[in-house]
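Reckoned from all heavy atoms, side chains included, excluding hydrogens, waters and symmetry mates. Proteins come first, then strands; the chains are lettered A, B, ... in the order of their sequence lines, and each starts at number 1.
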Amino acid sequence: MLELNFIREQKTRIIEGLKVRNFPEADIEIINKIINFDDRRKELQTNLDNSLAERNKMSKQIGQLFKDGKRDEAEALREKVNALKEEYSTVEEELKGVIDQLNTMLLEVPNVPHPSVPAGSTEEDNEVYKAWADPLPELYEGAIPHWELAEEYGLFDLKLGTKITGSGFPLYRGYGARLERALINFFLDEGQKAGYEEIMPPILVNEDTARATGQLPDKEGQMYYVGKDNLYLIPTAEVPITNIYRDEILEASDLPVKLMGYTPCFRREAGSYGAHVRGLNRVHQFNKVEIVRIEHPDHSYEALEEMLQHVAGLLNKLELPFRILRLCGGDLGFTSALTFDFEVYSAAQKRWLEVSSVSNFETYQSNRMKLRFKNEQRKNQLVHTLNGSALALARIVAALLENNQQPDGIAIPKVLQTYTGFDKITK
RNA sequence: GGAGGAGUGGCAGAGCUGGUUGAAUGCACCGGUCUUGAAAACCGGCGUGCGAGAAAUCGUACCGGGGGUUCGAAUCCCUCCUCCUCCGCCA
């Protein structure tokens, strides 16, 4: 969430930002409301602190008076404190209420978009930032989409997944399972080379963790929830990995922190069926390697660029045609300041598939999770957090299968062959 | 799952028969003296949030979380969580 001081000082900038996001005009009033509540909060806090100071002073006197045997004076003072207490307890209660409401409102305000974020409301308005897909690949006559390839070569089975769990839970087998495992290892090895420390985190998280990275309350319905234990299945490794540093104060010399992790990811993706969600295009469980960075605020945008390079490098090595989009205000995630999406071209479906999302959250997450560092003045300052998929597997597999299909089999990109142990998928 | 013990500052560890204890002491860390340099020794500093203030600073809250008793709680009571030991079960 945004910092109160930031809201107070940069009110117009925030309102401009909300407009870029197409935040409903009527709801922008929340900013003024927040400031008013904050004024009241400060007033009450001062008030309460003064009363408490007085109480503490008198209580000390009472102790001394009892020691000195001046019982009557002590009793008299005690009466006075009791009277004071009634007075400040109402202040205390109001303050609690004001803080509660303030926090609720703060959770409703999304991050302020970076100045480079274009206005716009839908995917159509996203800006193509870079493209490595010219010309777009054309397949031979008779090429088929990945879900048909899967059936033909026995790579994954959605029907079995449905039998075992439900729709959207693919079961990979044979070549398909081995390809999946090869990709995970490839992505982790590349991350390792780029200086990311590998993490294998829990894939269920508690409420505090889900709130800190912004999944709660915003995306509550997006996560699978284990009610009996009050835990959530992670929608991305970003959640447990970033939370490693919740409530921490780092030294400037600890920065940057570069972490990555492979985990399965779970998303409920309620609604929507049809051609666009066939096969692996959209599933409830998929594998992903995520990279996470914790950066000095001065360097976070350099880091973002570096992450883009890293992801682009992976796709180039896999020889997949792709493009990078700069998301417009309307498509930008709630907690993000700037997001680039990577899309690979799926030649058989003749459409782009999103395979990675790389974002800078600036201080939005770090403020929620109280993640700070000691700056040059030895003051505690919020860090910037960033993360990106490097990469999400299901759709990469879809594109690989489709784009590399040949009449007699499916070719495996050169870099992957040492990982798969085979260079071609055949019947 | 059953029985018992414990959760205090970056770490270790006092306090826990309620009252200058935000918290002794040691280590770590930072600054200084000494030294050619380092170590040792000595001196000083060293938590976080909130509020007030231009600032120095002051006030306030925090001793696992929440609630209660009290003029006053790290210290007493309730509740939840976590960890440790023993038994049981188990990949």
Side-chain angles (χ1 to χ4, degrees), chain A residues 1-9 34-107 200-212 216 226-232 240 243-255 257 294 363 365-383:
Chain A
M1 60 193 168
L2 298 175
E3 292 164 272
L4 272 169
N5 281 340
F6 180 66
I7 294 177
R8 301 184 76 99
E9 286 161 21
I34 286 173
I35 293 173
N36 289 339
F37 267 73
D38 193 41
D39 286 339
R40 183 68 184 147
R41 186 195 117 249
K42 288 178 184 225
E43 200 180 316
L44 290 168
Q45 186 72 60
T46 306
N47 203 319
L48 177 65
D49 282 357
N50 289 339
S51 296
L52 288 176
E54 210 175 317
R55 180 204 70 185
N56 289 343
K57 216 195 292 170
M58 289 199 269
S59 288
K60 255 176 210 172
Q61 282 172 19
I62 291 172
Q64 193 55 48
L65 288 171
F66 271 123
K67 232 178 237 171
D68 299 347
K70 297 174 180 169
R71 223 153 243 292
D72 294 347
E73 282 180 54
E75 288 296 342
L77 206 49
R78 194 138 87 177
E79 289 302 311
K80 247 175 117 179
V81 176
N82 275 328
L84 180 69
K85 207 158 135 188
E86 267 182 46
E87 214 178 291
Y88 74 68
S89 65
T90 63
V91 176
E92 200 170 17
E93 226 165 280
E94 188 186 347
L95 179 62
K96 236 184 211 172
V98 167
I99 290 173
D100 269 3
Q101 289 180 72
L102 202 48
N103 283 334
T104 306
M105 285 191 280
L106 283 171
L107 287 174
M200 204 176 274
I203 58 181
L204 278 88
V205 296
N206 61 32
E207 211 179 311
D208 286 344
T209 296
R211 186 174 302 106
L216 292 178
V226 183
K228 199 163 185 180
D229 297 291
N230 197 23
L231 297 173
Y232 296 85
N243 269 278
I244 293 172
Y245 289 94
R246 173 154 48 94
D247 285 319
E248 293 284 338
I249 300 171
L250 300 170
E251 288 297 328
S253 58
D254 294 331
L255 302 176
V257 174
I294 296 167
T363 59
Q365 288 183 329
S366 60
N367 187 38
R368 275 200 191 183
M369 68 172 88
K370 299 287 164 269
L371 165 51
R372 294 152 291 171
F373 76 107
K374 290 236 177 273
N375 67 15
E376 290 72 9
Q377 289 82 248
R378 300 299 296 165
K379 290 258 192 211
N380 297 331
Q381 187 182 343
L382 294 171
V383 298

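Mapping Arg41(A) and Arg78(A) onto RNA chain B by nearest heavy atom places Arg41(A) at the nucleotide closer to the 5' end. For the pair Thr46(A) and Lys67(A), both in contact range of RNA chain B, the more 5′-proximal nearest nucleotide belongs to Lys67(A).
If you take CE of Met58(A) and P of rU70(B), they are 17 Å apart, rounded to a whole angstrom. Regarding Gln45(A), its CD atom lies at a distance of 9 Å from the P atom of rA52(B), rounded to whole Å. Rounded to an integer number of Å, the gap from CD of Glu73(A) to C1' of rC71(B) is 15 Å. Rounded to whole angstrom, the span from the CZ atom of Arg8(A) across to the P atom of rC50(B) amounts to 13 Å. Atom-to-atom, CG of Asn56(A) to P of rC71(B) comes out at 14 Å; the value is rounded to the nearest Å. Between Leu52(A) atom CG and rA73(B) atom C1' there is a gap of 15 Å when expressed in whole angstrom units. In this structure, Lys80(A) atom NZ and rU70(B) atom P are separated by 21 Å, rounded to whole Å. To the nearest angstrom, P of rU70(B) lies 22 Å from NZ of Lys60(A).
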Start with the C-alpha distance between Asn36(A) and Arg41(A), add both sets of side-chain angles, then the distance that settles side-chain contact (heavy atoms from CB on, under 4.5 Å), and finish with yes or no.
-> CA-CA 9 Å; Asn36(A) 289 339; Arg41(A) 186 195 117 249; over 6 Å; no
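Separation of the P atoms belonging to rU36(B) and rG13(B) is 41 Å when rounded to the nearest angstrom. Rounded to the nearest Å, the gap between the P atom of rG10(B) and that of rU82(B) is 22 Å. Comparing the P positions of rA41(B) and rC27(B) gives a spacing of 8 Å, expressed to the nearest Å. The same atom, P, is picked in rG9(B) and in rA23(B); the two are 15 Å apart, to the nearest Å. Rounded to whole Å, the C1' atom of rC90(B) lies 42 Å from the corresponding atom of rA28(B). One P atom belongs to rG18(B), the other to rC77(B), and the distance between them is 11 Å to the nearest Å. With both ends at atom C1', the span from rU60(B) to rG22(B) equals 12 Å, rounded to whole Å. Taking atom C1' on both rC83(B) and rA24(B), the two are 26 Å apart, rounded to the nearest angstrom.
Counting only distance, with no hydrogens or angles, the side chain of Ser89(A) and the backbone of Lys85(A) share a donor-acceptor pair below 3.5 Å. Panel note: side chain Asp68(A), backbone Lys70(A); no donor-acceptor pair is recorded below 3.5 Å. A donor-acceptor pair under 3.5 Å is formed between the side chain of Asn367(A) and the backbone N or O of Met1(A).
A 3.5 Å limit on both hydrogen-bonding distances identifies rG10(B) as the Watson-Crick or G-U partner of rC27(B). Nucleotide rC83(B) has rG5(B) as its partner under the Watson-Crick or G-U criteria, with both atom distances under 3.5 Å. The partner of rU48(B) is rA61(B), by the rule that a Watson-Crick or G-U pair needs both atom distances under 3.5 Å. In this structure, rC90(B) forms no base pair with any nucleotide, since neither Watson-Crick nor G-U wobble geometry is met with both distances under 3.5 Å. Shown here, rA54(B) forms no base pair; nothing in the strands shown gives a Watson-Crick or G-U wobble contact with both key distances under 3.5 Å. Pairing for rG19(B) is with rC71(B), a Watson-Crick or G-U wobble pair whose two hydrogen-bonding atom distances lie under 3.5 Å.
For rU48(B), neither phosphate oxygen OP1 nor OP2 lies less than 4.0 angstrom from any side-chain nitrogen or oxygen of Arg372(A). For the OP1/OP2 pair of rA61(B) and a distance below 4.0 Å, the side-chain nitrogens and oxygens of Arg55(A) include at least one atom meeting the criterion. An OP1 or OP2 oxygen of rU48(B) is reached within less than 4.0 angstrom by a side-chain nitrogen or oxygen of Lys374(A).
The pair Lys374(A)-Asp254(A) does not count as a salt bridge, with every side-chain nitrogen at least 4.0 angstrom from each carboxylate oxygen.
Backbone-only contact: Lys96(A) has heavy atoms under 4.0 Å from sugar-phosphate atoms and none from a base. Residue Lys57(A) is out of contact with every strand shown, counting any heavy-atom pair closer than 4.0 Å. Residue-level contact check: Leu84(A) touches neither bases nor backbone, having no heavy atom under 4.0 Å from any strand. Residue Asn47(A) is out of contact with every strand shown, counting any heavy-atom pair closer than 4.0 Å.
Partner of Arg40(A) under the side chain to side chain donor-acceptor pair (under 3.5 Å) criterion, out of Gln45(A), Glu94(A), Gln101(A): Glu94(A) alone.
In summary, the side chains of Ser366(A) and Arg372(A) do not present any donor paired with an acceptor at a separation below 3.5 Å, with no hydrogens or angles considered.
Distances from the side chain of Lys42(A) to the nucleotides rU48(B), rG51(B), rG72(B) place rG51(B) closest. Closest approach to the Ile62(A) side chain among rC50(B), rC71(B), rU48(B) is made by rC71(B) (side chain taken as heavy atoms from C-beta onward).
Residue Glu93(A) places its CD atom among 12 or fewer non-hydrogen atoms of other residues, nucleotides or ligands, all under 6.0 Å distant.
Put simply, the side chain of Asp49(A) and the base of rG59(B) share a donor and an acceptor less than 3.5 Å apart.
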